[in-house]
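In the text below, chain A, chain B and the rest are named by the order of the sequence lines, each starting its count at 1.
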Amino acid sequence: MAGTVIENLSTRKLVVILLALLVAEIVLILIGAFIAPRPSWAAPSGMKSCYKSEKDWELPKICKEAGLDDTIDSNVPDHPSKVVFTRVIPPQNFTMYRWFQYVVGYLTFTRTVDKRVNMTSYVPIENPEMTFNFTLGYSDQIGARLIPEAWTLLANSIEKRTLSCDYAADRSEYDCEPVFAFQLGSVPHKQYVLNMGIPLGRFMPNNDERIDDETNTQIDKISDMQFIMISQTGGFTRVWLSIKTVLFIIMLFPTVWFWRRVAILARKSMLIEKSIFALALSLLFLNFPLEYLTIFYDVPWMLLVTDIRQGFFYAVLFSFWVIFMGEHLMDQAHRNKISAYRWHLGSIFTASFALLSFDLAERGIQIVNPFATIWTHPSFGYALLAIGTLAGLLYIILLLYLLYKVFRSISYKRKFILPDHRAVHFEAIVSRLKRLMMVTVLTAGLTVIFFFLQQTFEGLFHDFFPADVQVASAFFTGVYGLWNIYVFLVLSLYAPSHKLYEFSAATDENSENEMVALRSTTEQTQILQMTQLKDRED
Amino acid sequence: MIYSVKATCAARALFSLLVFFIVTSYNIEARSGAPRWWSLAMVPPDGVLNVKSITCNSIPGLVPKQHRYCSRKIELMPSIARGIKLGIDQCKYQLKNRRWNCSTLPLRRSRPNRKKGVFGPVLETASPEAAFVHSIAAAGVAHAVARACAEGSLTSCGCDKRSRVEKGNWRWRGCNEDVEFGIKVSREFADARDQGNDGRAIMNRHNNEAGRMVLRDKMQLKCKCHGLSGSCELRTCWWALPDFNEVGKKLKRMYLDASEMKVKHHQEARGIVASLVPKFQEFPPPQETDLVFFNKSLNFCNKNPRLGIEGTKGRLCNATSSGVDGCDLLCCGRGYNTAQKTRIESCRCVFEWCCDVECEQCVTPYEEHTCK
């Protein structure tokens with residue numbers, strides 16, 4: 001790699017650039033905190049239990065209520081197949097918007113032990129399997145809440161879920177985790193209705209292998225059911241898309257500029273330059289505001305595509321780290337060939353592939369069946385996660401080993417450096433590596449810190465901040481901006497410098513005053529000489 | 001000049017007197033024990049609480065402001081009725097072992113009964129019991145309205161203020177403000193009766209508000225990770241209504257620690273105004289979330305029809321307990337009768353979703369202790 005911008009940039013210019021980027025980052029955080037609303041919101045509401053009628057759909061406003069708590073109601077049905085739980089989303093007088101992007105539905109229950117059951121001999125079952133018969137429909141008609149004929153079937157499926165409950169003996173009641181019901185990857189319709197039955201095995205015709213005699217015999221009494229709808233807020237979608245659009249356009253410039261710098265060089269582009277360019281392209285791919293499509297078309301695959309774009313960016317980022325590190329190893333055997341990194345890239349590929357399969361098995365299937373989840377086949381899910389985790393660990397180990405080798409060779413060579421131009425240049429390469437590592441660690445570290453702050457203090461922040469400061473949104477815009485700034489820095493500071501034959505000023509603290517003219521040899525030959533030196537020493 | 005001064009004085013005196021009369025007549029209404037509209041919550045002997053048939057004229061004891069509120073927002077009335085029932089049921093549950101066990105009068109359509117209200121004249125005394133019942137009823141109303149609001153069965157609640165701004169808000173940030181709505185309704189409806197400046201009205205307002213604050217404090221922040229396959233890259237939190245038992249438990253603790261106050265009258269431009277000050281200076285003044293009262297508890301031991309007290313005669317008690325449910329305390333030292341009894345009860349029940357319970361019949365002998 002030829003001399004890069006970072007070595008030839010004056011400290012003053014560097015500080016100006018960094019300050020500008022800092023301001024940009026602060027602006028993004030402020031946009032998230034003050035302009036954007038919270039990223040997503042949840043609306044809990046009761047599922048109404050109704051008597052099943054002849055109609056295709058049971059609607060909460062017009063159905064005949066079936067009481068489930070016989071201590072209050074005398075209206076208790078005598079047969080489980082007569083009960084249908086129903087809920088229309090959104091709440092009354094509102095309609096869903098395409099800007100909501102997605103809807104996730106969860107169910108929570110009040111699961112109690114019937115009062116007549118003798119508690120002394122009762123054996124609590126904290127994680128029973130529960131089978132649901134889900135039906136989801138939609139309608140764009142006004143007043144559809146009163147008209148069962150106005151609804152169209154979207155999906156129907158019998159699904160098993162394993163409950164995760166804690167038994168509270170003093171109340172003879174279970175506290176259960178919310179159970180996943182469905183996820184829609186796009187919200188093109190105005191209203192949705194969820195109808196749900198809890199079939200009891202021995203009453204059901206055995207034409208479905210998912211229902212047997214044991215089905216739903218261990219769930220005790222469900223006296224109350226809540227539906228929790230979670231959706232992205234329209235405001236956040238708008239702010240997010242605006243940010244993506246602006247960042248996409250801004251990032252086009254350094255990317256084009258970088259590649260032109262590389263292209264005008266007399267030599268062929270080097271691996272490290274290609275990897276930086278790939279990083280920029282993957283970020284552009286991530287930034288590209290494809291989500292505008294959701295506003296005009298029904299695109300249930302958008303969540304999947306977003307995941308893939310994000311995963312692709314991470315895969316390229318991790319590859320870039322390995323290649324950048326490896327190219328600074330300064331031993332000739334491993335340079336400028338992608339095959340030298342087959343183990344590293346292999347581990348990244350394996351991890352990405354496992355996670356992609358996981359994503360396809362969940363979000364991919366959800367395009368067809370919104371009730372699907374990979375945890376219906378837990379072993380498959382765990383296997384993919386295990387492969388992903390192992391490959392990720394392998395990558396980290398390989399990366400750390402590479403890092404160790406790089407620093408060992410640097411400290412080794414420092415002992416034998418001659419006090420001439422080569423020393424200056426060697427230190428320049430070392431400082432180039434160190435600076436990238438510094439920026440990387442800073443960016444990754446800030447991301448992790450932001451994440452933990454957001455996760456830990458989400459609830460607490462309600463007390464510390466006024467309600468209109470959106471911590472979670474600030475986190476998303478802040479982290480997104482951070483990685484854009486990272487790529488921007490890499491592109492602009494590690495582009496080949498056109499000041500190839502000028503003085504290298506302020507490369508780092510040690511060489512700042514040594515105004516040594518660089519010779520017109522490429523670095524490659526210089527490094528080659530150095531490694532030969534090393535070979536001789538060996 | 002002197003004449004005109006005199007005239008002003010006389011006018012002022014007359015005015016004060018008028019105000020005094022208005023206030024005292026208000027007091028008579030305010031002092032009539034538990035609000036009579038609470039009988040909304042009473043289940044008729046023939047079965048289920050029928051909230052659909054409520055009309056504003058069928059509710060006894062509404063003050064004009066409440067009547068206007070009712071006719072304007074009739075759709076809230078079923079929830080308000082459910083809320084009162086929730087509160088009274090919880091009161092019975094929390095006080096079931098005490099000398100006064102929140103006993104209500106059986107509902108009859110006869111006029112005298114409707115006139116007395118649900119609890120009879122017991123709560124006319126500004127006692128800790130009255131404080132407790134008011135707070136739990138106010139909390140119950142807020143709870144039930146918030147719940148109905150969340151279920152989407154109300155058109156007037158939550159985000160929907162029927163304005164374009166709110167519709168825009170819904171698109172921009174979504175919305176769930178059910179509890180605030182419930183608390184607002186409880187404040188507007190349940191407090192409407194106690195707008196006066198006498199000690200009892202102040203006490204009722206304070207205790208109602210304390211009950212609502214407990215409900216708000218007990219709201220639970222629930223969070224759910226909903227990233228890919230439930231991972232935490234996306235996480236959303238919401239406020240969930242607490243189990244009303246939790247509210248009842250907390251209010252019972254507050255009832256046991258309620259602060260005794262005394263009424264202090266002073267003259268202000270608008271007339272004689274009362275305020276509540278702590279009776280014992282050595283105790284810290286009550287917080288917003290303390291229950292207050294200014295009359296001692298009645299003696300609930302003996303039957304007193306004039307005060308609507310049933311007495312503890314005939315109540316079941318626990319012979320082995322030394323607490324308030326023990327026969328010693330509950331029977332006020334009168335001693336107790338023990339009877340050997342057997343009961344036939346369902347046992348070895350097997351429950352099957354949704355509604356099928358299969359039991360065997362068991363005969364269990366047991367000892368029953370009742371107060372003399």
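Contact tally against chain B (heavy-atom pairs below 4.5 Å) for Phe180(A), Phe476(A), Phe100(A): the top residue is Phe100(A). By number of non-hydrogen pairs under 4.5 angstrom with chain B, the leading residue of Ile219(A), Thr110(A), Ile228(A), Asp307(A) is Ile228(A). Of the listed residues (Tyr122(A), Phe236(A), Trp375(A), Phe475(A)), the greatest number of heavy-atom pairs within a distance under 4.5 Å of chain B belongs to Trp375(A). Heavy-atom pairs under 4.5 Å with chain B were tallied for Thr95(A), Val83(A), Val88(A); the largest tally goes to Thr95(A). Comparing Ile222(A), Thr373(A), Ile374(A), Val104(A) by heavy-atom pairs within less than 4.5 Å of chain B, the highest count is held by Ile222(A).
Looking at Gln226(A), the atoms closer than 4.5 Å to chain B (heavy atoms on both sides) all sit in the side chain, from C-beta outward. Residue contact with chain B, scored on non-hydrogen atoms closer than 4.5 Å, is absent for Thr237(A). Interface residue Ile230(A): only side-chain heavy atoms are found under 4.5 Å from chain B. With a 4.5 Å cut-off on non-hydrogen atoms, Arg145(A) does not touch chain B at all.
Side chains of Arg173(B) and Trp41(A) form no contact here, defined as non-hydrogen atoms less than 4.5 Å apart.
Under the ring-ring contact (aromatic ring centres under 6.0 Å, His included) criterion, Tyr255(B) pairs with Phe132(B), not counting sequence neighbours. The side chain to side chain contact (heavy atoms under 4.5 Å, CB included) test applied to Pro128(A) returns Arg111(A), Ile125(A), Leu163(A), Gln218(A), not counting sequence neighbours.
Judged purely by distance below 3.5 Å, without hydrogens or angles, the side chains of Ser231(B) and Glu233(B) pair a donor atom with an acceptor atom.
In this structure, Lys184(B) forms no cation-pi arrangement with Phe181(B), as its terminal cationic atom is not both closer than 6.0 Å to the ring centre and no more than 45° off the ring axis. Geometric assessment of Arg238(A) against the ring of Trp99(A) yields a positive cation-pi assignment under the 6.0 Å and 45° thresholds.
Under the 30°/60° scheme for interplanar angles, the aromatic rings of Phe119(B) and Trp38(B) are found to stand perpendicular.
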